[in-house]
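Heads up, the thing below is written out as structure tokens.
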Amino acid sequence: MTKDIPMRFKPSEFEAKWQKKWEEAGTYVNDMKKSPRPYYNLMMFPYPSAEGLHVGNMYAFTGVDIHGRFMRMQGFDVFEPIGLDGFGIHSENYAMKVGRKPQEHAKISQENFYRQLRATGNGFDWTRTVETYDPDYYRWTQWLFVAMFKHGLAYRAKAQVNWCPGCKTVLADEQVVGKKVEQVGKVDKVEQGSTGVIARNEVTKQSQEKEIAAPSLPTGLAMTKDVCERCSTPVVKKELEQWFFRITAYAERLLQNTYKPIFNWPDKVKLGQRNWIGKKEGININYPIIQLSNNPISTNKYIYNVVVFTTRPDTNFGATFIVVAPEHPIIEKITTPEYIEAVKAYIKTSQNKSKEERVTEGRKKTGVFTGSYAINQLNNYKMPIWVADFVLMDVGTGAVVGVPGHDKRDFEFAVVMNLPIKRVVVGKDGDTSKITRPEQVQELEGKMINSGFLNGLEIQTAISKMMDYLEEKGWGKRVTTYHLRDWLISRQRYWGAPIPMIYCQHCADKGESWFSSEEAKKMSFPRRPKADPPLAEKRESIQIDPRVKPEDDNQRAENDNKWAVGWWPVPEDQLPVTLPDVDDWRPTGTGRGPLAGHPEFYKTTCPNCGGAAQRETDVCDTFLDSSWYYLRYPSVNKKSNVIARRNEMTTKQSQEVEIASPVRQLVRNDNQLPWDPDITQHWFPVDSYIGGAEHTVLHLLYTRFTWMALRDWGFIKIKYQISNIKDKEGYKLTDSGVANAPQNDVILANEVRPESDLPWDPSEPFKRFFAHGLIIKDGAKMSKSKGNVVVPDEYIKLYGTDTLRTYLMFLGPFDGGGDFRDSGIAGMYRWLSRVWRLAMEKVPQVARVSKVPRDEEKTRDTLDTRGTLQMLHKTIKGVTEDIKHLHYNTAISKLMEFVNWWMENTDQVDTTMVIDFLKLLAPFAPHMTEELWQNLSVSRVAQVPQVPPEEKARGTRDTLDTRVTFSSIHHEPWPKYDEKLLVEDQVTIIVQVNGKMRDSLVLSTQNANSQTVIEQVARASAKTQKWLSGNSIKKVVFVPAKLINFVV
RNA sequence: GCCGGGGUGGUGGAAUGGCAGACACGCAGGUCUCAAAAACCUGUGAGUAUAACAACUCAUGAGAGUUCGACUCUCUCCCUCGGCACCA
């Protein structure tokens, strides 16, 4: 070896070079319409936060990229896009902090992020990035809003909403998080970092240290505050008119899909989604109300009734009172004169309390009597109706039936208010005595007593029997309730897509809205899917006489649209409604967005009557932007030089191959959709989606909802690619470790098959979702305010991207995450250096000049390489399996084991083995393996056969990509292993006595299954003898080729 | 309170019924060197024991159970992390 060979591993000398080369050559760019084996490898796009890309982001992206590179080497056309989720409160808050306009900040952070992202060495398709604040993008976000509106899924309603005084905007339920608060003197400190809140929370220095005035609390009582997930400011409730998406209409489908066996998601995330949807099956029971002061009991007449939701009607014989929420509309109707003052006072106090005060103070129950009674028709028991603030208006029907004997909360209330307690359930302990202590409150199990026709039944049986009975009598109706609420879209902020709606007073005066237009009447599909009745409807039902028939679905649909009077969507061809560049963009705190101060923005003309009208001035929630971004990527065409060149090459072919797709017939014009239907049907659903588990209920639920809606409306059609071989990943690894997808799946793809044939669920956007772990630092998520941000840049400068990538993946299992520490990164650098040196020794000095292999490289057969080959093939098998299951840390350790072997047997590892090894390492360390591979195989490149004519005609990747000029290791086929080579000559048999290892025997493989031989050898061994002598053997356990155990 | 994940050397972790601690980090000693760095080699769970080897015992949060055999399966408990929560 002479000195001029770069024996030293210096990543800085080649990493940037390859990044540039890959991008120029389009190594990771596909022909979006024709790639024969599309594989959509999606990762969650980052929001460009204050601190730039940190190692936590890099950890996630690297893990996804390794999967993509692996799949590419399996022969798939891997599409791996990236973009920026740059709209929204988060970016705006940061812009505010640094005193820049959001759009200026966006420009700066975009540049910085994309620079950092390029340095990660990921196989991104840089010709198709998506930025949510790009008018070309949010034009379609607005289009989606309009589509939701036209399909009856977007509506405007007055509601109690979460208001963040810090961010000066409303928040969706999902964006409000609980945080524990301990009392510290007269003020409370919001604990930071104590919960997972911090994981998705960027806390500013100010808010972190801000002391929040708290209600006086009993000393030592901790409580949970509802705070804004962005800034940790406690949220308050405000009554505002807002836009909502009717996600509740999809609650059942969103739930049911998670139970399908092909729903390939982590159990943890599935459960999270199910819990959030929170389906409960119960019954609404009607109780007629009597007012003692006005009506003698004997008349048994009622004007009003109260509806109560319960999941436990079995205990209804034990009901002794009713409690309604202070906001309940029935209160003013039924409160008797002598109680009016007290009730009014109580309601006023509770209105002044925040939710958390009510919750906390509610533990010592308070309440007032209304003077009215409800009749339990089961036993004609007269139940006093109380008002108490532990009952929440937005849960169930806002009224509960008190069964103090069998509900802890009801028990507490009954004790405080001195209400009767009846026992109707006997538990396992057989206690039938009077219930006087909380421990006696039997909630979950037991048999019914004192309950008429239910006596003796187990509670489960009693529940359904009681429901049957109540329905039969017409006293109740089974209902299903969900915890999921409709998605609040409006934000009183600036940095978002303006909500594309127009309000026209003239049309409103005439009672007109878009729903009365010709266009609306032409829409044939139901405008309003059946759904759980929204809150407002539930409240109304409380006052409806049960004898009045409920409205039918059509009637309801019409009623549903009453709110819309005067509202018109911005016509699609006028989108986008551009966000104007204004100076007073900061949030106002008045309950209206900054755009409300700009007549030049909101003054417009009515799309219907042409008269003066006003635009909506609120903007969309960021989660709307990110709910569909993955649909946009494949259809974005940034027209880079590469693409332009390719298009020239392929124009002719694509014209020839053009076929009429069913989607085209449905949609008149591609310009009406955010995507090219041909491309979309080629790439969807997404093959693999990998992202953080912290998005369990937010992003993922919205995304699934959006997909389902778009598909229902016919905007997305999927081409069902049925291959002969299918497993849940849609491909299968053969024994030799190479993907064996049939060549003809392109043809089969034109065949329309029933959905039930599919190995995945087309009603879901992702064939699988995988949640990676979160990298934290010093126990908290990295954030600038915490001063714990670890930026990859320094490490990349010091050790190179490959080292950092491999190091991050070696830290632990990919779904685990963990606390970042850099103590071992130098070790990873040393290991890659070792690989570099060892491989470099195989680069023949002569060959590097003449491109002809040295003779000694041909002499492989003369060396004793069998052991080495076996080692290599074991490694191929292990690494292949591990990467396939995203077990990157163990894959790397197997590569290390091979290198350890290699160090000890340098002369037995030849060039072809080195090349195979480099391919296994390539997904982890893409740059150095490319560099080495180019050096080692430069002579092979010249021999790459020209693309055969028939392939050229098909227009597959080989024609289009840069193979002719540049062949990348990342397009090489994954190494195969030979099962025959894995068979060992010898096996080690463990000898145990009483289950303890006492000896091990090395035997030839042919004897491995013979108990007779092994037992004989084992008994003869001196070590074993020591333990056997003097004992009689009671039993011999033999596991072929593994162990023999003597029981004495 | 309910639901879910987890608890293995000084550290990250490996092993899914069959040799506990793979692979690394760290640490200690050594080779090379005038010296250092780099590189390479050796050792490294705790203990008993030994001049050294050998050998043995104990160890996967605690305790029980199933089994010839348990980090792995079952039960009880403890701790920890995450989610939900006066949800009727």
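Using a 4.0 Å heavy-atom criterion, one finds that A/R274 contacts no nucleic acid atom at all. Across all strands, A/K408 comes closer than 4.0 Å to no nucleic acid atom at all (heavy-atom distances). Residue-level contact check: A/L271 touches the backbone only, with heavy atoms under 4.0 Å from sugar-phosphate atoms and none from bases. Contact annotation for A/S1000: no contact, since no heavy-atom pair falls under 4.0 Å across all strands. Looking at heavy-atom distances under 4.0 Å, A/K996 makes contact with sugar-phosphate atoms alone, never a base. If you check every strand for non-hydrogen atoms under 4.0 Å, A/D819 touches nothing. Residue A/L811 is in sugar-phosphate contact alone, with no base atom involved, counting any heavy-atom pair closer than 4.0 Å across all strands shown. Among the heavy atoms of the strands lying under 4.0 Å from A/M997 is at least one base atom, whether or not backbone atoms are also near.
Regarding A/L832, its CG atom lies at a distance of 12 Å from the P atom of B/C25, rounded to whole Å. The CD1 atom of A/I277 sits 15 Å away from the C1' atom of B/C3 (whole-angstrom rounding). When the P atom of B/C23 is taken as reference, atom CG of A/D882 falls 15 Å away, rounded to whole Å. Atom-to-atom, CG of A/L774 to P of B/G6 comes out at 17 Å; the value is rounded to the nearest Å. Separating the CG atom of A/L1001 from the C1' atom of B/C19 is a distance of 12 Å, rounded to the nearest angstrom. The separation between A/M840 atom CE and B/A39 atom P is 18 Å, rounded to whole Å. Summarising the geometry, the separation between CD1 on A/I1044 and C1' on B/G69 is reported as 14 Å, rounded to the nearest angstrom. One atom, CZ of A/R485, and another, P of B/C84, lie 15 Å apart when rounded to the nearest Å.
Taking 4.0 angstrom as the limit, A/H406 places none of its side-chain polar atoms (N or O) nearer than this to OP1 or OP2 of B/A88. When the side-chain nitrogen and oxygen atoms of A/W831 are compared with OP1 and OP2 of B/C23, none of them lie within a distance under 4.0 Å.
Side-chain proximity of A/S893 to the nucleotides B/C3, B/A22, B/A88 is greatest for B/A22. Candidate nucleotides B/C23, B/A88, B/C3 were compared by shortest atom distance to the side chain of A/E897, and B/C23 ranks first. Nearest to the side-chain atoms of A/W1027 among the listed nucleotides B/A15, B/C87, B/C56 stands B/C56. Nearest nucleotide to the A/K268 side chain, out of B/G18, B/C23, B/G4: B/G4. Considering only the side chain of A/T988, B/C19 comes nearest among B/U57, B/C19, B/G18. The side chain of A/R837 lies closest to B/C40, out of B/G12, B/A22, B/C40. Distances from the side chain of A/N900 to the nucleotides B/C40, B/C19, B/A24 place B/A24 closest. Of all nucleotides listed (B/C23, B/G13, B/C19), B/C23 comes nearest to the side chain of A/F810. Of the candidate nucleotides B/U11, B/C25, B/A22, B/U11 has the atom nearest to the side chain of A/R821.
In the model, A/R998 has no side-chain atom that pairs as donor or acceptor with a side-chain atom of A/T1024 under 3.5 Å. With hydrogens and angles left out, the side-chain atoms of A/D822 and A/Y795 include a donor and acceptor closer than 3.5 Å.
Atom C1' of B/C87 sits at a distance of 24 Å from the matching atom of B/G5, rounded to the whole Å. B/C25 sits 42 Å from B/U76 when the P atoms are compared, rounded to a whole Å. Comparing B/G12 with B/U66, their P atoms sit 34 Å apart, to the nearest whole Å. Taking atom P in both B/U42 and B/A49, one finds a spacing of 30 Å when rounded to whole Å. For the C1' atom pair drawn from B/A59 and B/U48, the interatomic distance equals 14 Å after rounding to whole Å. If you take atom P in B/G18 and the same atom in B/G10, they sit 25 Å apart, rounded to whole Å. Comparing the C1' positions of B/A14 and B/C23 gives a spacing of 7 Å, expressed to the nearest Å. Across B/U8 and B/C81, the matching P atoms stand 14 Å from one another, rounded to whole Å.
Within the 3.5 Å criterion, the main-chain N or O of A/P923 finds a donor-acceptor partner in the side chain of A/R805. Judged by distance alone, with hydrogens and angles left aside, the side-chain atoms of A/N1045 form a donor-acceptor pair with the main-chain N or O of A/G995 at under 3.5 Å. Judged by distance alone, the side chain of A/Y346 and the main-chain N or O of A/T366 form a donor-acceptor pair under 3.5 Å.
Annotation: of the two residues near RNA chain B, A/V1039 and A/T310, the 5′-most nearest-nucleotide partner is A/V1039. Mapped onto RNA chain B by nearest heavy atom, A/G812 and A/G272 fall at different nucleotides, with A/G812 at the one closer to the 5' end.
A/Y59 and A/F820 have their aromatic ring centers separated by at least 6.0 angstrom. Checked against a 6.0 Å centroid threshold, the rings of A/Y807 and A/Y829 do not count as neighbours. Here A/W386 and A/F413 bring their ring centres to under 6.0 angstrom of each other.
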Return the polar atom pairs (N/O with N/O) between nucleotides 65-68 of chain B and the protein under 3.5 Å, or none.
{"unit_1": "B/C68", "atom_1": "OP1", "unit_2": "A/K1035", "atom_2": "NZ", "d": "3.2"}
{"unit_1": "B/C68", "atom_1": "O2", "unit_2": "A/N1045", "atom_2": "ND2", "d": "2.3"}

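Electrostatic pairing of A/E897 and A/K874 does not count as a salt bridge here, judged by no charged N lying under 4.0 Å from a carboxylate O. Salt bridge annotation for A/D819-A/K777: absent, with no cationic side-chain nitrogen under 4.0 angstrom from a carboxylate oxygen.
With its glycosidic angle more than 90° from 0, B/G21 is assigned anti.
In plain terms, the two heavy atoms of A/H328 and A/T397 that are nearest each other are NE2-O, 3.6 Å.
Residues passing the ring-ring contact (aromatic ring centres under 6.0 Å, His included) test with A/F917 are A/F898, A/W902, sequence neighbours excluded.
Under the side-chain contact (heavy atoms from CB on, under 4.5 Å) test applied with A/Q273, the options A/L254, A/L701, A/L484 reduce to a single match, A/L701.
Secondary-structure annotation of RNA chain B gives the stems B:1-7 with B:78-84, B:10-12 with B:23-25, B:26-31 with B:39-44, B:45-48 with B:55-58, B:61-65 with B:73-77, with a stem taken as at least 3 successive Watson-Crick or G-U pairs whose two distances both fall under 3.5 Å.
Side-chain to base pairing of A/R409 with B/A88: one donor and one acceptor N or O lie within less than 3.5 Å of each other.
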